[in-house]
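Below: one structure, written as structure tokens.
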Amino acid sequence: MAIQKHTADPKSQRANKRKWTNLDADETPNIEHKSNPQPNAPTKTFNHHKTSQAPNHLLKRRDELLLSRRALPIWPQAEAIRDELRKKNVLVLTGATGSGKSTQVPQFLLSEKWCKKCIAITQPRRVAAISLARRVADEMGCLFGSQSPAAKVGYSVRFDNATGPNTKVKFLTEGMLLQEMLRDPLLPQYSAVIVDEVHERSVNVDLILGFLRTLVDGPSRGGKRKIPLKVVIMSATADVEALVKFFNESSESERKDDHDSEKSGPGKSPDDETSPHEPTKSLVSTCFVEGRQYPVKTIHLPEPSQDWVESALKIIFQIHLKEPLSDNKPGDILCFLTGQDTIEALEKLVNDYAEHLDKDIPKLQALPLFAALPQHAQQRIFQRAPPRTRKVILSTNIAETSVTVPGVRYVIDCGKSKIKQFRNKLGLESLLVKPVSKSAAIQRTGRAGRETEGTCYRLYTEEGYKAMDERTTPEILRCDLSHALLMMKARGVDDVLGFPFLDRPPREAMEKALMQLLHLSALTETGSISDTGLKISRFPLTPTLGRVLVEAAVPERDCLLDAIDIISALSVENIFLNLVSEERKEEAEVARRDLFRREGDHMTLLATVRRYAEEQTDRKAWCERHFVSHRAMQNVMDIRKQLRQQCTQLKMLASTNNSSKPSEEHTNAILHCILRGFISNTARLMPDGSYRTLMGNQTVAIHPGSVLFGKKLEAIVFTEFVFTSKAWARGVSAVQLDWVQGVVEEVM
DNA sequence: CGTGGTGTC
């Protein structure tokens with residue numbers, strides 16, 4: 001979530017307030033709460049870690065914050081949490097929104113005797129890592145990040161490492177911890193790793209859990225670390241059992257290795273390993289903490305509805321006309337829809353109807369919210385509505401986890417979301433509208449009870465709710481596994497089929513990914529990682545894009561800088577703005593004409609990145625003139641810089657062939673590199689004018705957003721293959737059929 | 001002939 005990233009203005013009070021929109025602690029510090037302070041609470045740690053330089057205003061702020069910390073539901077559990085971790089190495093902690101777990105648990109552990117080194121705490125999103133670090137530093141009364149070398153709290157996210165030699169609490173994104181695990185498998189710099197938001201079950205969290213499982217035991221139990229690592233797994237949903245089982249199984253097998261290594265053979269059930277005299281003692285502690293949430297009344301439809309836009313419209317006006325709007329209580333509506341199209345349709349309807357409201361009734365303001373929306377438009381949800389106006393935020397599931405919308409009292413939930421699913425057989429992703437899970441529905445409902453008691457209107461029946469899956473299918477069960485498996489291979493996991501997965505992906509999916517890696521020459525025939533594979537794994541890229549990069553560095557190709565520009569542009573969301581009206585589209589076409597290249601989208605991206613990079617006076621204005629997303633281009637430049645640095649470090653960037661007007665020969669070299677990474681994403685023109693993939697004979701169409709849309713070309717290569725209403729090729733370049741056949745023969 | 005839920009290294 002990038003809402004706050006480039007716009008937060010430290011000088012503005014409003015911006016300061018915004019930083020906290022993603023915290024799950026202390027968002028409602030002024031509500032009445034029975035405080036239950038512990039006499040030997042973590043205040044002790046302040047003395048222990050007190051720095052001589054801590055300025056007075058920081059200490060004053062620390063003492064003020066202590067009051068609200070004491071009111072957090074997790075506060076009374078501090079001693080119990082410390083106690084459990086003294087006895088056992090793993091703690092599974094369940095705590096709903098508002099329990100204070102993300103900010104308090106690291107502070108509870110700092111003063112422990114076993115805590116000699118740093119505590120890592122992972123977050124799925126960058127903004128959360130940064131804002132939590134800032135908050136914890138405030139609470140501890142110290143500077144944070146790179147403000148001072150003495151800072152005890154820091155964070156590490158891509159493009160921004162704000163840690164120092166004295167960092168004791170380090171918030172970092174899951175991706176960053178994985179990178180550290182690749183470099184230093186035993187994590188010697190940490191005494192504890194806290195994995196937060198595990199219930200979201202990102203692929204990265206699943207990999208982290210698998211890797212951590214082998215680290216929790218000390219040498220006496222077969223672990224490779226001298227001092228065992230303490231691990232805290234934090235989740236908002238009560239999926240404790242699976243996690244406890246997961247971590248107990250590891251210790252079980254390690255003890256087996258210790259005690260009867262010669263006896264154990266295949267086919268033995270794990271039950272046989274435990275001594276009959278003493279039942280297996282769990283090596284995992286559990287702890288449950290209440291959340292802090294106001295009650296929400298949930299209302300289902302009596303009959304199923306097909307048309308959510310219409311049903312939502314009715315309910316919006318029903319709420320608006322019946323429920324009073326007061327100045328000092330939240331009364332805004334948050335409506336969950338599936339995508340930009342439904343959001344914009346409903347936005348128009350709400351605005352049309354709102355025009356005809358009686359003059360004595362408060363106004364309605366419809367605000368769309370989705371990730372592709374420009375920054376300033378997203379920021380509107382944080383601004384106060386004009387007087388006597390009710391906001392209606394029409395959102396994708398971005399408001400489910402990534403953005404906390406303030407002032408909401410009513411939630412309307414269509415009960416669906418777009419879900420990406422990788423299809424092994426076709427090797428493509430589908431983006432389909434599917435019912436959400438019960439836990440997602442509960443999460444959406446909860447958004448009505450953040451500030452006061454609220455109401456949730458579900459655009460489905462109670463039976464519909466009961467029929468939903470309990471939990472959202474973990475991402476690792478529905479994604480392309482090639483990146484995950486390459487990470488595992490790079491970390492020395494030879495037998496990826498035997499890797500400890502919390503949820504094991506189907507064998508077919510893993511085999512498909514292994515084949516893919518083999519075709520990329522990232523693995524050798526025997527399945528071990530190749531030099532090429534090792535190189536690819538070092539880059540923050542998918543294996544396919546990584547392969548393009550490696551290919552571009554070989555002397556015959558010699559087009560690395562161009563490849564980096566293209567890859568950077570492919571790594572972010574669409575850099576060309578999405579325009580709705582026909583008029584604007586024509587306008588954009590004219591403005592972008594000098595950027596478009598007949599070779600296709602990749603050379604067009606290259607031209608765009610080049611022109612943007614060359615623009616020295618006003619890049620933002622340049623973007624506006626060309627209908628290009630400035631935010632996306634800033635991300636492109638960050639990635640470009642990082643990739644150039646990494647290539648220099650790996651000594652891949654020897655030549656500086658960087659001609660601004662590439663010759664045909666040079667263009668062909670670039671396209672050959674793309675072909676090398678995306679050989680399975682190639683198609684040829686059929687006599688009937690359609691395209692069929694060379695591997696798989698699947699019909700594809702060039703996406704309407706491509707510069708080659710509607711063109712008839714001998715053969716194409718594409719970097720994205722998505723199924724929505726039909727199979728689309730996005731990111732398309734024209735190539736010669738004999739090139740494609742040449743690479744296919746070389747690889748297969 | 002017609003379109004992209006949300007993150008991350």
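Only a predicted model underlies this, so the values are computations on that prediction, with no experimental measurement involved. So that the names make sense, note that chain A is the first sequence line, chain B the second, and so on, each numbered from 1.
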Under 4.0 Å, heavy atoms only, any strand: does [X] hit a base, just the sugar-phosphate, or nothing?
X: A:Val203; answer: nothing
X: A:Glu174; answer: nothing
X: A:Thr396; answer: sugar-phosphate
X: A:Leu431; answer: base

Within the 3.5 Å criterion, strictly below it, is a donor on [X] or [Y] matched to an acceptor on the partner's side chain?
X: A:Thr445; Y: A:Arg458; value: yes
X: A:Glu174; Y: A:Ser202; value: yes
X: A:Arg158; Y: A:Thr173; value: no

Whichever of A:Ser417 and A:His483 has its nearest DNA chain B nucleotide further upstream toward 5': A:Ser417
Residue met sooner reading DNA chain B from 5', once A:Gln642 and A:Lys420 are mapped to nucleotides: A:Lys420
Side chains of A:Lys438 and A:Tyr465 in contact at under 4.5 Å (non-hydrogen atoms):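 With C-beta onward as the side chain, the pair touches.
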Taking only the side-chain heavy atoms of [X] (C-beta and beyond), determine which of [options] contains the nearest atom.
X: A:Trp728; options: B:dG5, B:dC9, B:dG2; value: B:dG2
X: A:Phe709; options: B:dT6, B:dG5, B:dG2; value: B:dG2
X: A:His703; options: B:dC9, B:dG2, B:dT3; value: B:dT3
X: A:Ser725; options: B:dG7, B:dT3, B:dG5; value: B:dT3

[N] [atom2] sits how many Å from [X] [atom1], rounded?
X: A:Leu708; N: B:dC1; atom1: CG; atom2: P; value: 20 Å
X: A:Arg183; N: B:dC9; atom1: CZ; atom2: P; value: 13 Å
X: A:Ile398; N: B:dG5; atom1: CD1; atom2: C1'; value: 10 Å
X: A:Asn635; N: B:dC9; atom1: CG; atom2: P; value: 11 Å
X: A:Arg125; N: B:dT8; atom1: CZ; atom2: P; value: 8 Å
X: A:Leu485; N: B:dC9; atom1: CG; atom2: P; value: 21 Å
X: A:Glu573; N: B:dT6; atom1: CD; atom2: P; value: 10 Å
X: A:Leu570; N: B:dC9; atom1: CG; atom2: C1'; value: 17 Å

Under 4.0 angstrom between A:Thr173 side-chain N/O and B:dG7 OP1 or OP2: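 Checking B:dG7 against A:Thr173, no side-chain N or O comes under 4.0 Å of OP1 or OP2.
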Distance below 4.0 Å between A:Arg126 side-chain N/O and B:dC9 OP1 or OP2: yes
Within residues 433-446 of chain A, residues whose heavy atoms come under 4.0 Å of DNA chain B: none
Lys/Arg-Asp/Glu bridge criterion (N-O < 4.0 Å) met for A:Lys348, A:Glu344: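 Salt bridge between A:Lys348 and A:Glu344, a charged N being under 4.0 Å from a carboxylate O: no.
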Salt bridge A:Asp160-A:Arg126, side-chain N to carboxylate O under 4.0 Å: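 So A:Asp160 does not pair with A:Arg126 through a salt bridge.
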Salt bridge (charged side-chain N to carboxylate O under 4.0 Å, His left out) pairs, two or more places apart, involving residues 529-538 of chain A: none
Partners meeting salt bridge (Lys or Arg N to Asp or Glu O under 4.0 Å) with A:Glu475 (sequence neighbours left out):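 Per chain and number, A:Glu475 pairs via salt bridge (Lys or Arg N to Asp or Glu O under 4.0 Å) with no residue.
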